[in-house]
Engineer: 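Before I ask anything, here is the structure I am working with.
Residue numbers start at 1 and run along the sequence shown. Quantities reported herein were computed from a predicted structural model and do not represent experimental measurements. What you see below is based on every heavy atom in this structure, not just the backbone, and it leaves out hydrogens, waters and symmetry mates.
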Amino acid sequence: MTTVPLARTGQRRSEVGPVELFFDLVYVFAIIQLSHLLIEHLSWEGAAQTIVVFAAVWWGWNYTAWAMNWLDPSRTPVQLLSGVLMLAALGMSIAIPSAFGDGAWLFVGCYLFMGILRPVFMMIAYRGNQLAANYRMLLLWTLLAGIFWALGAALPLEWRLGLWLIAVLIDYAAPLAHYRIPGIGAAPMHLWDTDAEHLAERNRLVFIIALGESILLMGGSIVSHGQLSPSLALSMLVGFASLFVLWWNYFALAGPDTHGGDSSTGALRSAYAYAHAFMVLGAILVAVSIELRLSHDHLAPAVVIVTAAGPLVYLAGNLLFLRSRFGRLARSRFIAAAVLVVITVAAMLLIDHVPVIALSVAVLAVTAVLAAHTAYTTAKRSALE
C-alpha cells in the first residue's frame, strides 16, 4: 500500500469540512427545483419523472459524500474537486424543470460528468491502494448506466422515462451487486473502509437542507397571498408543526447517538445511500403537500395522495434505516403507516366534505404521536444502555 497525500487522517477524520457544507448549498436549489417540478406536473407521469430526476440528484450527492469520506477537505486539490462538482450539480439543478424537454442533455451531461470525474480523481489520489481498484469498478458501472442516460436524452421523448428508469436501476444496483463485472472484477462492501460518523453527519445535514427547503416553499406561498388571514395563519401553524415533528422524529431516530449500531460498510450503505434517499424524498413530498394545502381551498385527489405520501415514504426510510443499522423493525412505524393509509382512504371517500385543514391536522396528529413515542423510547433505551 502507498501513502495517500489527500487522505483524511488524525483524530478529526470524521469532521465535516467547510467545503462540504459549501457543496451542499447547491442542493438547496436542487430540492426547490424538484418540488416545483412535481407541483407543476401533478400527475402519475409527473410523479414518475420527479422520482427519476430525484434519484439522479440524490446519487450525485451521495457519491460525492462518500468520496469525501476518504478525502481531506482542507487540501486544495480536494477543494477544487468540490468546486467543479458543485458547478456540475448546479447545471443539473438548472436543467431539472426541462429534464424531460430541451434540458435533457444538460441534465445528463452534468450528471455523467460528476459520475466520471469522482472515480477518476479517486483512482489517481489512491493509486496503488485498494480504494483505487474499488473506484475503477464503480466507474465501469457508471459508464454502463451512462449508456441508458445518454440514449434517453438522444431518443424521442416517449422513450426517455423508461430508459432513464433503467439507468437509475443500474446505478442503484451497483453497490448491491458489489460492482461486480464478470471477467473483470468486483468491489465488495468489506473492501471499502468507511467512517460511520462522517457519513451520519453528512446525511443529517442534507436532511436539514430538505426541511429548510420546506420553510422556503411555505414562506413563499404565504407571502404570495399578500395578506395573512386567520385561516392562512392556521394553515401555516399546522404546516410548521408538521416540519417540526418531522425534524423531531428524525433526530430522535438518527441523531448523534447512533454509534451503537452496525458500522459495517454494507449496513452504512443501506442506512445512508438508500434509507436516507427515502427520508429526504419524504421530506420533499411533505414540503410539496404543505404548498398544495396552502394554495387549495378544497381537497383534490392529488392533494390527498401527496399529503399521505410524504410521511409514508419517510417512514419507509425509517424502517430501512433501523433494519440496516440496528437490526430491528419498529412496530410503531407500521402502526403509523396503517393509520395514515386509513386517513387517506377516508379522505378520498369523503373528499367533497373534508376540509383541507382537517386532513392536515389528522396527518399531523399521527406524525406528532410517532415523534413523541420515538423520542421517549430512544431516551429510555439510551438510559438502559
Engineer: Is Arg127 reaching over with its side chain to a backbone N or O of Ile124, donor-acceptor style, under 3.5 angstrom?
Structural biologist: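 At least one qualifying donor-acceptor pair exists.
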Engineer: If you count heavy atoms of other groups shown closer than 6.0 angstrom to CH2 of Trp159, is the number above 12?
Structural biologist: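 At most 12 heavy atoms, drawn from other residues, nucleotides or ligands, come within 6.0 Å of this atom.
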Engineer: Spell out, yes or no, whether Ile51 and Val53 are grouped together once hydrophobic residues are joined by side-chain heavy atoms under 4.5 Å, including indirect joins.
Structural biologist: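 Unlinked, Ile51 and Val53 end up in two clusters.
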Engineer: Quick one, His276 with Val206, criterion side-chain contact (heavy atoms from CB on, under 4.5 Å). Give me CA distance, side-chain angles, the key distance, then yes/no.
Structural biologist: CA-CA 9 Å; His276 270 70; Val206 81; 5.5 Å; no
Engineer: Under the 3.5 angstrom rule, does the side chain of Trp141 hit a backbone N or O of Ala173 as a donor-acceptor pair?
Structural biologist: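 No, because the side chain of Trp141 does not come within donor-acceptor range (under 3.5 Å) of the backbone of Ala173.
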Engineer: In the structure I gave you, are the side-chain heavy atoms of Phe278 and Leu319 within less than 4.5 Å of one another anywhere?
Structural biologist: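 Of all side-chain heavy-atom pairs linking Leu319 with Phe278, none is under 4.5 Å.
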Engineer: Are side-chain N/O atoms of Ser35 and Glu213 paired as donor and acceptor at under 3.5 Å?
Structural biologist: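 Ser35 vs Glu213: donor-acceptor pair found between side chains.
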Engineer: Identify, with sequence neighbours excluded, every residue that meets side chain to side chain contact (heavy atoms under 4.5 Å, CB included) alongside His373.
Structural biologist: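 For His373, the residues satisfying side chain to side chain contact (heavy atoms under 4.5 Å, CB included) (neighbours in sequence not counted) are Ser332, Thr377.
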Engineer: Can you find a pair of side-chain heavy atoms, one from Ile343 and one from Thr307, that are under 4.5 Å apart?
Structural biologist: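 A side-chain contact under 4.5 Å is absent here.
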Engineer: Begin with the C-alpha distance, continue with both residues' side-chain angles, and end with the deciding distance and a verdict on side-chain contact (heavy atoms from CB on, under 4.5 Å) for Val356 and Asp297.
Structural biologist: CA-CA 7 Å; Val356 175; Asp297 296 326; over 6 Å; no
Engineer: Shortest non-hydrogen contact from Gly60 to Tyr27?
Structural biologist: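 Heavy atoms only, the tightest pair is C-OH, 3.7 Å.
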Engineer: Please tell me whether Trp105 and Leu37 are part of a single hydrophobic cluster in this structure, the criterion being side-chain heavy atoms less than 4.5 Å apart.
Structural biologist: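 Different hydrophobic clusters.
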Engineer: Would a 4.5 Å heavy-atom cut-off, applied to side chains only, mark Asn318 and Thr374 as touching?
Structural biologist: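 SC-SC contact between Asn318 and Thr374 ruled out.
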Engineer: Taking salt bridge (charged side-chain N to carboxylate O under 4.0 Å, His left out) as the cut-off, I'd like each qualifying pair that reaches into residues 24-37, sequence neighbours left out, listed once.
Structural biologist: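 Output for this query lists Asp24-Arg202.
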Engineer: Please confirm whether Phe244 and Trp247 have ring centers closer than 6.0 angstrom.
Structural biologist: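 Yes; Trp247 has its ring centre under 6.0 Å from that of Phe244.
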Engineer: After noting the C-alpha distance and the side-chain angles of Leu151 and Ile166, does the key distance pass the side-chain contact (heavy atoms from CB on, under 4.5 Å) rule?
Structural biologist: CA-CA 11 Å; Leu151 285 174; Ile166 294 172; over 6 Å; no
Engineer: Could you please spell out the steps behind the side-chain contact (heavy atoms from CB on, under 4.5 Å) verdict for Val245 and Leu364?
Structural biologist: CA-CA 8 Å; Val245 299; Leu364 172 61; 3.9 Å; yes
Engineer: Should we count CD of Glu158 as having more than 12 external heavy atoms under 6.0 Å?
Structural biologist: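 Enclosed: over 12 neighbouring heavy atoms sit under 6.0 Å from CD of Glu158.
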Engineer: Are Phe240 and Val363 grouped together when hydrophobic residues (ILVMFWY) are joined by side-chain heavy atoms under 4.5 angstrom apart?
Structural biologist: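 Cluster IDs for Phe240 and Val363 match.
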Engineer: At their closest point, which heavy atom of Pro311 faces which heavy atom of Leu340, and how far apart are they?
Structural biologist: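 Taking Pro311 first and Leu340 second, the nearest heavy atoms are CB-CD1, 3.8 Å.
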Engineer: Might you point out which heavy atoms bring Leu71 and Ala125 nearest each other, and give the distance in Å?
Structural biologist: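 Looking at all heavy atoms of both residues, the closest pair is CD2-CB, 4.5 Å.
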Engineer: If only atom types and distance count, is the side chain of Tyr314 paired as donor or acceptor with the main-chain N or O of Tyr250 below 3.5 Å?
Structural biologist: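 It does hold such a pair.
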Engineer: Ignoring hydrogens and angles, write down the donor-acceptor pairs under 3.5 Å from the side chains of residues 74-88, residues two or more places apart or on other chains.
Structural biologist:
{"from": "Ser74", "atom 1": "OG", "to": "Asp72", "atom 2": "OD1", "distance (Å)": "2.7"}
{"from": "Ser74", "atom 1": "OG", "to": "Asp72", "atom 2": "OD2", "distance (Å)": "3.2"}
{"from": "Arg75", "atom 1": "NH1", "to": "Pro5", "atom 2": "O", "distance (Å)": "2.5"}
{"from": "Gln79", "atom 1": "NE2", "to": "Pro73", "atom 2": "O", "distance (Å)": "3.1"}
{"from": "Ser82", "atom 1": "OG", "to": "Val78", "atom 2": "O", "distance (Å)": "3.1"}

Engineer: What's the separation between atom CG in Leu165 and atom CD in Gln49, rounded to the nearest 0.5 Å?
Structural biologist: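 CD of Gln49 is found 12.0 Å from CG of Leu165.
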Engineer: Can you tell me how far the CG atom of Leu117 sits from the CG atom of Leu112, to the nearest 0.5 Å?
Structural biologist: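 CG of Leu112 is found 12.5 Å from CG of Leu117.
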Engineer: About how many Å separate CG of Leu281 and CG of Leu34, when rounded to the nearest 0.5 Å?
Structural biologist: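 The CG atom of Leu281 is 8.5 Å from CG of Leu34, to the nearest 0.5 Å.
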Engineer: Looking at OH of Tyr135 and CH2 of Trp66, how far apart are the two atoms once the value is rounded to the nearest 0.5 Å?
Structural biologist: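 Going from the OH atom of Tyr135 to the CH2 atom of Trp66 covers 9.0 Å.
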Engineer: For Ala196 and Ser263, work out which heavy atoms get closest and say how close.
Structural biologist: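 Smallest interatomic distance, heavy atoms only, reads CB-OG, 3.8 Å.
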Engineer: Is it true that Leu211 and Trp248 fall in one hydrophobic cluster, defined by side-chain heavy atoms closer than 4.5 Å?
Structural biologist: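 Shared cluster, yes.
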Engineer: Only pairs at least two apart or in different chains count here, so list each side chain to side chain donor-acceptor pair (under 3.5 Å) that has a residue in residues 167-183.
Structural biologist: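 Pairs touching residues 167-183 that pass the test: Tyr63-Tyr179, Tyr111-Asp171, Trp149-Asp171.
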Engineer: Side chains of Thr265 and Arg269: any donor to acceptor distance under 3.5 Å?
Structural biologist: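 Checked: Arg269/Thr265 side chains show no N/O donor-acceptor pair below 3.5 Å.
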Engineer: Is there side-chain contact between Leu155 and Arg160, with heavy atoms separated by less than 4.5 Å?
Structural biologist: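 A side-chain contact under 4.5 Å is absent here.
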Engineer: Verify, without hydrogens or angle tests, whether Arg333 (side chain) and Leu370 (backbone) share a donor-acceptor contact under 3.5 angstrom.
Structural biologist: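 Flag not set: sc Arg333 to bb Leu370 has no pair under 3.5 Å.
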Engineer: Looking at Asp262 and Ser264, would you say the former's side chain and the latter's main chain have a donor-acceptor pair under 3.5 Å?
Structural biologist: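 Side chain of Asp262 to backbone of Ser264: a pair is present.
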Engineer: Do Arg325 and Tyr272 get their side chains close enough for a donor-acceptor pair, meaning under 3.5 Å?
Structural biologist: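 Yes, Tyr272 and Arg325 have a side-chain donor paired with an acceptor closer than 3.5 Å.
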Engineer: Taking the ring centre of each residue, are Trp59 and Tyr274 less than 6.0 Å apart?
Structural biologist: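 Yes, ring centres under 6.0 Å apart.
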Engineer: Is the closest side-chain heavy-atom distance between Val354 and Val304 below 4.5 Å?
Structural biologist: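 Val354 vs Val304: side chains apart.
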Engineer: If you define the side chain from C-beta out and look only at heavy atoms, does anything of His36 sit under 4.5 Å from Leu217?
Structural biologist: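 His36 reaches Leu217 side chain to side chain.
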Engineer: Give the minimum heavy-atom separation between Ala7 and Tyr126, together with the two atoms involved.
Structural biologist: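 Distance-wise, the nearest heavy atoms are CB-OH, 3.2 Å.
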Engineer: Taking the six-membered ring for Trp, are Phe54 and Trp58 parallel (under 30°), tilted (30 to 60°) or perpendicular (over 60°)?
Structural biologist: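 Phe54 vs Trp58 ring planes: parallel.
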Engineer: Can you name the side chain to side chain contact (heavy atoms under 4.5 Å, CB included) partners of Phe29, sequence neighbours left out?
Structural biologist: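 Phe29: side chain to side chain contact (heavy atoms under 4.5 Å, CB included) contacts with Gln33, Leu90, Ser93, Ile94.
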Engineer: Can we say Arg8 and Glu20 salt-bridge, meaning some charged N sits less than 4.0 Å from an Asp/Glu carboxylate O?
Structural biologist: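 Looking at Glu20 together with Arg8, the answer is yes, because their closest N to O distance falls below 4.0 Å.
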Engineer: Could you tell me whether the side chain of Ile284 reaches within less than 4.5 Å of the side chain of Leu38, counting heavy atoms only?
Structural biologist: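 No, their side chains stay 4.5 Å or more apart.
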Engineer: Would you compute the distance between atom CG of Leu139 and atom CG of Asn134 and round it to the nearest 0.5 angstrom?
Structural biologist: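 Leu139 atom CG to Asn134 atom CG measures 12.5 Å (nearest 0.5 Å).
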Engineer: Strictly by side chain to side chain donor-acceptor pair (under 3.5 Å), give each pair with a member in residues 231-243 just once, sequence neighbours left out.
Structural biologist: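 Sorted pair list: Ser229-Ser231.
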Engineer: Treat each ILVMFWY residue as a node, draw an edge where side-chain heavy atoms are under 4.5 Å apart, and state whether Leu176 and Leu143 are in one component.
Structural biologist: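 Leu176 clusters together with Leu143.
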Engineer: Quick one: CG on Asn69 to CG on Leu199, what's the gap to the nearest 0.5 Å?
Structural biologist: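 It comes to 4.5 Å.
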Engineer: Determine whether Leu144 and Ile181 make a side-chain contact, defined as any pair of heavy atoms from C-beta on separated by less than 4.5 Å.
Structural biologist: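 With C-beta onward as the side chain, the pair stays apart.
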Engineer: What pair of heavy atoms forms the shortest contact from Leu163 to Phe148, and how long is it?
Structural biologist: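 Scanning both residues, the minimum pair turns out to be O-CB, 3.6 Å.
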